[in-house]
Colleague: 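I'd like to ask you about the structure that follows.
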Amino acid sequence: MTCRVVVLLSGRGSNFRAIAEAALPIEIAAVISNRPQAAGLEYARERGIPAIALDHTQYADRATYDAQLADEVERHRPDLVVLAGYMRILSPAFIACFEGRLLNIHPSLLPMFPGLHTHERALEEGVKVHGCTVHFVTDKLDHGPIVIQAAVPVRADDTPETLAARVLAQEHRIYPQAVRWFAEGRLVNIHGRVNLKDDSTSQSVLSTGT
Ligand code: GRF
């Protein structure tokens with residue numbers, strides 16, 4: 001049975017694009033955005049994928065919005081919900097509905113630099129290695145069992161923009177990979193640690209970007 005995926009995003013949607021173009025064994029059942037103008041919605045429409053805008057500014061509070069969002073997501077009967085640049089904190093009630101089938105990508109090597117402005121903070125701290133993480137979503141923001149990470153070197157002349165671009169190239173590689181593993185039923189979560197079935201090597205750092 002094909003894995004049904006619902007994508008949530010707020011903007012550009014380049015991670016969604018990478019997933020959509022990766023020829024994965026999935027059906028993208030819908031793309032939902034809290035921002036009606038999100039470029040990711042436009043791309044979904046071009047590909048004939050149901051694109052739904054659910055404008056959060058039209059709702060009284062987060063709980064009401066997230067209840068509506070959960071209904072909308074559920075309507076598409078997802079096996080997997082993919083957060084691809086969804087820039088709103090999700091309420092515990094929403095997360096509880098989809099826990100275990102809710103993935104996020106974060107532009108740092110978690111648990112370093114949860115939250116926003118990760119590339120600026122990495123440069124401020126002078127770290128020599130930075131990267132990105134795909135993880136299952138739990139109640140704790142930017143935590144949760146790690147599926148895959150990719151590392152990139154930080155260069156002396158990096159700006160937040162050049163570093164972000166190097167990390168983004170890796171995001172586009174590891175997110176489709178994580179979705180593939182999920183769709184193939186290869187992810188095993190043992191006490192909060194995700195392992196890959198039938199894997200003799202560690203998947204935790206797949207490779208280092210240049
Ligand atoms: C990515 O850097 C992702 O890691 C973060 O938000 C950004 C979304 O970019 N969560 P895009 O919309 O996928 O292009």
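Keep in mind that the numbers below use all heavy atoms, side chains included, and drop hydrogens, waters and symmetry copies. It should be emphasised that the depicted structure is a prediction, and the values quoted were computed from it without experimental measurement. One-based numbering along the sequence shown. Just follow the structure's listing: the first ligand is 1, and inside any ligand the first atom is 1.
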Colleague: I want to check something: taking the side chain as every heavy atom from C-beta on, are Val5 and Glu27 in contact at a cut-off of under 4.5 Å?
Modeller: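 Sidechains of Glu27 and Val5: no contact.
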Colleague: For atom 3 (C) of ligand 1, which protein heavy atom lies nearest, and how many Å away is it?
Modeller: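 Here the nearest protein heavy atom works out to Glu171 OE1, 3.2 Å.
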Colleague: What protein heavy atom sits nearest atom 10 (N) of ligand 1, and how far away is it?
Modeller: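 Protein heavy atom with the smallest distance to atom 10 (N) of ligand 1: Ile105 O, 3.1 Å.
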Colleague: Are the side chains of Val188 and Leu196 in touch, meaning some heavy atoms are under 4.5 Å apart?
Modeller: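 No; the side chains remain at least 4.5 Å from each other.
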Colleague: Verify side chain to side chain contact (heavy atoms under 4.5 Å, CB included) between Asp158 and Arg155, making sure each step is shown before the conclusion.
Modeller: CA-CA 5 Å; Asp158 263 331; Arg155 303 217 176 103; 3.7 Å; yes
Colleague: Measure the distances from the heavy atoms of Leu9 to every atom of ligand 1 and state whether one is below 4.0 angstrom.
Modeller: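 No.
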Colleague: Would you call the rings of Phe182 and Phe136 parallel, tilted or perpendicular, taking 30° and 60° as the class edges?
Modeller: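 Tilted, since the angle between the ring planes falls between 30° and 60°.
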Colleague: In sequence, state the C-alpha distance, the side-chain angles, and the governing distance for Glu124 and Arg121, and then conclude on salt bridge (Lys or Arg N to Asp or Glu O under 4.0 Å).
Modeller: CA-CA 5 Å; Glu124 269 166 33; Arg121 287 156 62 203; over 6 Å; no
Colleague: Can you find an N or O of Asn104 that's nearer than 3.5 Å to an N or O of ligand 1?
Modeller: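 No, there is no polar N/O contact under 3.5 Å.
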Colleague: Return a yes/no value for Met87: is any of its N or O atoms, backbone included, closer than 3.5 angstrom to an N or O of ligand 1?
Modeller: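 No, no N or O pair falls under 3.5 Å.
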Colleague: Within a strict 4.5 Å, meaning less than it, do heavy atoms of the Val152 and Val129 side chains meet?
Modeller: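 No - every pair of side-chain heavy atoms lies 4.5 Å or more apart.
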Colleague: Could you find the nearest protein heavy atom to atom 9 (O) of ligand 1 and give me its residue, atom name and distance?
Modeller: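 Checking every protein heavy atom, the shortest distance to atom 9 (O) of ligand 1 gives Arg12 NH2, 3.1 Å.
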Colleague: If you count heavy atoms of other groups shown closer than 6.0 angstrom to CD of Glu120, is the number above 12?
Modeller: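 Correct, the count exceeds 12.
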Colleague: State whether the shortest distance between N or O atoms of His106 and N or O atoms of ligand 1 falls below 3.5 angstrom.
Modeller: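 No, His106 has no N/O under 3.5 Å of an N/O on ligand 1.
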Colleague: Considering Ala38, Ala39, Gly85, Ser33, which one's heavy-atom position lies nearest to atom 8 (C) of ligand 1?
Modeller: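 Comparing heavy atoms across Ala38, Ala39, Gly85, Ser33, the nearest one to atom 8 (C) of ligand 1 lies in Gly85.
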Colleague: Could you identify the single nearest non-hydrogen protein atom to atom 11 (P) of ligand 1 and state the distance to 0.1 Å?
Modeller: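 Looking at atom 11 (P) of ligand 1, the protein heavy atom closest to it is Ser14 N, 3.4 Å.
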Colleague: Is there a polar contact between ligand 1 and Gly13, counting only N or O atoms under 3.5 Å apart?
Modeller: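 Among all N and O atoms of Gly13, at least one is under 3.5 Å from an N or O of ligand 1.
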